[in-house]
Amino acid sequence: MIKLNRKFVCPSGQEGTMKIKVFDRIVMALVISTMSLVGASMPTNAQQQPPEEQKEQKRAQQEQKQDQRQQQQQQKQQTQQQERVQRQSEQDQKQQQHRIEQEQKQDQRQKQKQEQRLSEQRQKQLINQQQQRVAQYRQHLEQEERLAREHAALLQRQKRKAQYRYQEEYLEHLRQQQIRLRNERFDYDHDPYFYTAPKYRYNRGGRYYETNEYGAKMLRQALNHGYEQGFRAGKADRDDRWRSNYKDSYAYKDANYGYSGYYVDRSDYNHYFREGFRRGYEDGYNSRHRYGRNVNGNYSMLDNILSQILNFQNIR
């Protein structure tokens, strides 16, 4: 409540009455203004919600946000799944295309092989030549037994123990070759060597010879076997403290280690075996690997050296 003191002096009754009325109006205006201020503050207090309603509203907002995140996550997963399906489809198409291309290439190679297949007359000539070659090789192996025993006796007299052990191992391998050759039943009609046209040309002793991929493989084998046996023979002479002389080795003179009697003439095989043997002997005697390599006890010539010696030339 607002208390006002209304003590004043009125010189005349009328003038005093008017002043009272003016004063009352002022008081009334102040009261109305105060009430207005109080009424203005009431809606603000009315807008304040109870704590439970506020918690419920926050919970609803959190659930709405969680639902939105779940929807976004599901949409992202769907997009990723669609991308995976699309990538898998593209990969399947590429694999199918690759298979088709491989089948086409294989068909083309097969057609080329059929076109390059030797005539029946030429096949019969090669088979007859091969049979004669095998018969001659069998006779040669039987004759070599006597020479091998004589050379072994010489090594014993010279007290070359390491070289003697090496030669015994070499001869045992030749005996196994002889047994396999004697018991073998070769299928000439189904061996691809006899109907495959020549693919390579090579020069030996100033003359050119032709062979297919099977004959070329046999000549590479001759070089690798020669290098391996040469390395072992050279190491044996070094262990015996014997002078270096690869031509004195029985293996070099024989040069048939690994030869089956098929695909190439024995003279060709012997030539390339000795080429490998000479280089292997030098590496073994000098304890090095200049011409070849040793992988887990398996000796072979370096690829570049082997290619230089054979010098194959493609003819188709």
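Computed over heavy atoms, backbone and side chain alike; hydrogens, waters and symmetry mates excluded.
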[Y] versus [X], side-chain donor and acceptor atoms under 3.5 Å:
| X | Y | value |
| --- | --- | --- |
| Asn270 | Asn256 | yes |
| Gln74 | Gln70 | no |
| His173 | Glu169 | no |
| Asn296 | Asn298 | no |

Determine, for [X] against [Y], whether the closest basic-nitrogen to carboxylate-oxygen distance falls under 4.0 angstrom.
| X | Y | result |
| --- | --- | --- |
| Lys94 | Glu90 | no |
| Asp239 | Lys235 | yes |
| Asp283 | Arg288 | yes |
| Lys217 | Glu213 | no |
| Glu228 | Arg232 | yes |
| Arg279 | Glu282 | no |

Please find the pair of heavy atoms, one from [X] and one from [Y], that lie closest to each other, and give the distance.
| X | Y | answer |
| --- | --- | --- |
| Ser267 | Arg204 | OG-NH2, 3.6 Å |
| Tyr269 | Ala255 | CD2-O, 3.6 Å |
| Tyr214 | Tyr263 | O-CD1, 3.9 Å |
| Gln221 | Gly258 | NE2-O, 3.0 Å |

Parallel, tilted or perpendicular: which describes the rings of Tyr227 and Phe231, with under 30° parallel and over 60° perpendicular?
tilted

For side-chain contact (heavy atoms from CB on, under 4.5 Å), just list the numbers for Tyr250 and Leu171, CA-CA rounded to whole Å, side-chain angles, deciding distance to a tenth of an Å, and then say yes or no.
CA-CA 10 Å; Tyr250 172 80; Leu171 292 176; 3.4 Å; yes

For [Y], is there any backbone N or O sitting under 3.5 Å from a side-chain donor or acceptor partner on [X]?
| X | Y | value |
| --- | --- | --- |
| Tyr259 | Val264 | yes |
| Asp265 | Asp268 | no |
| Gln163 | Ala233 | yes |
| Asn224 | Met301 | yes |
| Tyr281 | Asn245 | yes |
| Asp92 | Gln95 | no |

Nearest 0.5 Å, please: how far is [atom2] in [Y] from [atom1] in [X]?
| X | Y | atom1 | atom2 | answer |
| --- | --- | --- | --- | --- |
| Gln64 | Gln61 | CD | CD | 7.5 Å |
| Tyr272 | Ile309 | OH | CD1 | 9.0 Å |
| Gln66 | Gln73 | CD | CD | 12.5 Å |
| Arg84 | Gln77 | CZ | CD | 8.5 Å |
| Gln80 | Gln78 | CD | CD | 11.0 Å |
| Lys253 | Asp248 | NZ | CG | 5.5 Å |

As a quick check of understanding, evaluate side chain to side chain donor-acceptor pair (under 3.5 Å) for Gln229 and Tyr166, giving each step before the final call.
CA-CA 9 Å; Gln229 297 306 309; Tyr166 162 71; 3.0 Å; yes

Would you confirm whether the ring centroid of His225 sits within less than 6.0 angstrom of the ring centroid of Phe273?
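Ring-ring flag for Phe273/His225: false, centres at least 6.0 Å apart.
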
Is the cationic atom of Arg274 (NZ for Lys, CZ for Arg) positioned less than 6.0 Å from the six-membered ring centroid of Tyr252 and within 45 degrees of its normal?
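Judged by the rule, Arg274 and Tyr252 form a cation-pi pair.
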
Determine, for Tyr208 and Arg201, whether the Lys NZ or Arg CZ falls below 6.0 Å from the six-membered ring centre while staying within 45 degrees of the axis.
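Yes, a cation-pi geometry.
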
Less than 4.5 Å apart, any side-chain heavy atom of [X] and any of [Y]?
| X | Y | answer |
| --- | --- | --- |
| Asn212 | Tyr200 | no |
| Asp237 | Arg160 | yes |
| Gln167 | Leu155 | yes |
| Arg165 | Glu168 | no |
| Ser307 | Phe312 | no |
| Met218 | Ser260 | yes |
| Leu310 | Leu219 | yes |
| Arg293 | Ser300 | yes |

Verdict with reasoning, Val85 to Gln81, per side-chain contact (heavy atoms from CB on, under 4.5 Å)
CA-CA 6 Å; Val85 171; Gln81 180 65 21; 3.8 Å; yes

Test side-chain contact (heavy atoms from CB on, under 4.5 Å) on Tyr164 and Asp240 and set out the steps.
CA-CA 10 Å; Tyr164 176 79; Asp240 287 333; over 6 Å; no

Crowded around Glu150 CD? As in, over 12 foreign heavy atoms under 6.0 Å?
yes

Flag yes if more than 12 heavy atoms outside Arg207 fall under 6.0 Å of its CZ atom; otherwise flag no.
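Atom CZ in Arg207 is not packed in, count stays at 12 or less.
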
Could you go through the ring-ring contact (aromatic ring centres under 6.0 Å, His included) check for Tyr170 and Tyr257 one step at a time?
CA-CA 8 Å; Tyr170 182 90; Tyr257 185 100; 5.5 Å; yes

Decide side-chain contact (heavy atoms from CB on, under 4.5 Å) for Gln93 and Gln97; before the verdict, give the C-alpha distance in whole Å, the side-chain angles of both, and the deciding distance to 0.1 Å.
CA-CA 6 Å; Gln93 291 178 358; Gln97 183 65 26; over 6 Å; no

